[in-house]
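Notes follow the structure.
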Amino acid sequence: MSILETQSISFCFPNGNLVLDQVSFHLNKGEMLCVIGPNGSGKSTLIRVLSGVLKPMSGKIFIKGKPLNEFRKKELAQKIAVVPQQTEIAFAYTVLEIVLMGRAPYLKSFQLEGIRDMEIAKKALAQTDCDNLAERRIDEISGGERQRVILARALAQEPEILLLDEPTAHLDLQHQVRFLQLLTELRAGSKLSALFTTHDLNLASIFADKILILDRGRVAGFGAPEQILSAELMSSVYKLKLKLIEGIYPGRPLIFPELD
C-alpha cells in the first residue's frame, strides 16, 4: 500500500485560476519523490494541498489508505511534517526552542516538553548540522542556517512523510548535497518517505527514486528518472532546448541547456 496517494486532485483559486488539474500519483513507504516543473506549474500549491492547508475542489488524497480529510489536526501532524519555502517567526526564539516546537503534536494543552522531547530535538539538531546553533536566536542566523533549523523542527515531529518546498533553495552547494544525503539516510529502512520540490533538475535526477513532472498544473510525467526524463519531454515542458547526458551516474541522466 502507498503511504501517500492522490487520485485526480484539482485545485482552483477564487480568481478562477486552475492551478492543479487532475493530478494523480503515489508515494511508497521509504521513497523519495521529487516534483519538478517551471514556475507556475503548481508545485508549491501541491505541497499545501497535500499538507491539508488547502482543500482540493475535486479528487481524493489518502494517507496510508485513510482519506486526508478524516485526520484530526494533531493526528495529521504526527504523520506529515512540512518544510515550506518561507517561514515567518514573529518572536526571537532560540534555535532549540524552534526545534522543540516540533514536539507540539505529542503534547497535551499547556504540557511542557519532557526529557524525551529534548533528546529528540537535540538529535534533530545534530542530524541537520545545527547543534552548534542551539542557543542562537533565530533572527541572528543566516537564511541557509534557518532553513536547516526548520528541517530540524520537522524531523522533531517524527513524521512518516516529509513534504519540502524547494528545501535547498537557500543552501550552498555543500549543504544542498548534505541535505539530500540526509534525506536519503533518513528514509533508509523505510523510516521516512519524502516529497520535495526543486528547480535543480540534476539534483532531482541524482537523488530521487521517482520524479513527478508538472506542466501548467497537469502531470507531464511520473516515474523513475531513467524512465521519464527525456530531452524531448523536458524541452517541451521548460520551453527550452535541453540535452541529456548519461553515464556519469548510472541510470541518472543529467540535463543541460543546448546552447547554439
Side-chain angles (χ1 to χ4, degrees), residues 2-6 9 11 19-20 23 25-27 29-37 41-56 61-64 66-90 93 95 97-107 117 120-121 124-125 127-128 130 138 143-171 176 179-180 182-184 186-187 191-199 204 207-208 212 214:
S2 301
I3 194 168
L4 170 65
E5 181 182 2
T6 71
I9 58 171
F11 179 82
V19 185
L20 298 175
V23 174
F25 69 91
H26 62 274
L27 174 67
K29 191 173 183 181
E31 277 187 340
M32 184 142 65
L33 169 63
C34 181
V35 184
I36 61 175
S41 59
K43 300 187 300 296
S44 295
T45 301
L46 178 62
I47 293 282
R48 296 175 72 191
V49 169
L50 295 175
S51 63
V53 173
L54 297 176
K55 184 178 179 180
I61 303 170
F62 298 93
I63 306 295
K64 299 177 75 172
K66 180 178 177 178
L68 180 69
N69 58 10
E70 293 184 9
F71 283 86
R72 291 176 286 108
K73 284 187 177 181
K74 272 198 170 185
E75 183 187 10
L76 186 60
Q78 293 175 11
K79 299 292 183 186
I80 296 177
V82 181
V83 177
Q85 279 191 48
Q86 302 290 337
T87 304
E88 297 296 330
I89 300 174
Y93 295 106
V95 165
E97 288 172 332
I98 295 292
V99 176
L100 279 169
M101 291 176 187
R103 300 303 301 158
Y106 301 93
L107 303 176
D117 299 306
I120 291 170
L125 284 167
Q127 288 176 314
T128 53
C130 292
I138 193 68
E145 290 170 332
R146 185 187 181 106
Q147 188 71 353
R148 297 192 339 257
V149 170
I150 301 306
L151 172 62
R153 182 181 68 180
L155 294 179
Q157 282 180 234
E158 296 186 302
E160 294 184 51
I161 301 169
L162 196 56
L163 304 177
L164 309 103
D165 194 4
E166 296 189 36
T168 60
H170 301 289
L171 303 182
Q176 285 182 22
F179 187 99
L180 293 172
L182 172 59
L183 289 184
T184 301
L186 289 170
R187 66 189 179 83
K191 293 180 180 178
L192 182 71
S193 305
L195 181 152
F196 71 98
T197 69
T198 184
H199 283 293
F207 285 97
L212 175 69
L214 291 180

Checklist entry - Rounded to the nearest 0.5 Å, how far does CG of Leu186 lie from CG of Leu151? => result 7.5 Å

Checklist entry - In chain order, what residues pass the side-chain contact (heavy atoms from CB on, under 4.5 Å) check against Pro159, with sequence neighbours excluded? => result Ala81, Gln157, Leu162, Leu192

Item to check | Contacts of type side-chain contact (heavy atoms from CB on, under 4.5 Å), residue Ala208, not counting sequence neighbours | outcome: Cys34, Ile211

Next on the checklist: List the residues meeting side-chain contact (heavy atoms from CB on, under 4.5 Å) with Leu76, not counting sequence neighbours, and say none if there are none.
Outcome noted: Leu68, Phe71, Ile80

Item to check | Partner of Phe196 by side chain to side chain contact (heavy atoms under 4.5 Å, CB included), out of Thr168, Ile36, Leu180 | outcome: Leu180

Next on the checklist: Nearest 0.5 angstrom please: Glu97 CD to Ile138 CD1, how far?
Outcome noted: 10.5 Å

Checklist entry - Hey, mind stepping through Phe179 and Leu164 against side chain to side chain contact (heavy atoms under 4.5 Å, CB included) and telling me if it holds? => result CA-CA 11 Å; Phe179 187 99; Leu164 309 103; 3.6 Å; yes

Checklist entry - Is it true that a side-chain atom of Gln78 and a backbone atom of Pro105 form a donor plus acceptor pair closer than 3.5 Å? => result yes

Item to check | Straight-line distance of Ile61 CD1 to Glu70 CD, nearest 0.5 Å | outcome: 13.0 Å

Next on the checklist: Among residues at least two apart in sequence or on other chains, which ones pass side-chain hydrogen bond (donor to acceptor under 3.5 Å, both in side chains) with Ser44?
Outcome noted: Gln85, Asp165

Checklist entry - Roughly how far, to the nearest 0.5 Å, is CD1 of Ile120 from CG of Leu125? => result 12.5 Å

Next on the checklist: For Lys74, I'd like to know if atom NZ has over 12 heavy atoms of other residues, nucleotides or ligands within 6.0 Å.
Outcome noted: yes

Item to check | Pairing residues for Gln127 by the side-chain hydrogen bond (donor to acceptor under 3.5 Å, both in side chains) criterion, not counting sequence neighbours | outcome: none

Checklist entry - In Å, rounded to the nearest 0.5 Å, how long is the span from CG of Leu214 to OG1 of Thr197? => result 10.0 Å

Checklist entry - Who are the ring-ring contact (aromatic ring centres under 6.0 Å, His included) partners of Phe11, not counting sequence neighbours? => result Phe13

Checklist entry - Out of Leu163, Val82, Leu27, which residue meets the side chain to side chain contact (heavy atoms under 4.5 Å, CB included) rule with Leu50? => result Leu163

Next on the checklist: For Gln176, give me all partners under side-chain hydrogen bond (donor to acceptor under 3.5 Å, both in side chains), at least two apart in sequence or on another chain.
Outcome noted: none

Checklist entry - Any salt bridge (Lys or Arg N to Asp or Glu O under 4.0 Å) pairs touching residues 145-154, not counting sequence neighbours? => result none

Checklist entry - For Glu75, what residues pass the side-chain hydrogen bond (donor to acceptor under 3.5 Å, both in side chains) criterion, not counting sequence neighbours? => result Lys66

Checklist entry - Would you find a donor on one side and an acceptor on the other, under 3.5 Å apart, between the side chain of Ser193 and the backbone of Ile161? => result no

Checklist outcome for this item: Separation between CD1 (Ile3) and NZ (Lys79), nearest 0.5 Å, reads 7.5 Å

Checklist entry - Pick one: which of Val19, Thr198, Leu212, Val35 meets side chain to side chain contact (heavy atoms under 4.5 Å, CB included) with Lys43? => result Val35

Checklist entry - Who pairs with Glu31 by salt bridge (charged side-chain N to carboxylate O under 4.0 Å, His left out), at least two apart in sequence or on another chain? => result Lys210

Item to check | Ile47 and Val53: CA distance, side-chain angles, deciding distance, side chain to side chain contact (heavy atoms under 4.5 Å, CB included) verdict | outcome: CA-CA 9 Å; Ile47 293 282; Val53 173; over 6 Å; no

Checklist outcome for this item: Between Ala124 and Val99, the two heavy atoms sitting closest are CB-CG1, 4.3 Å

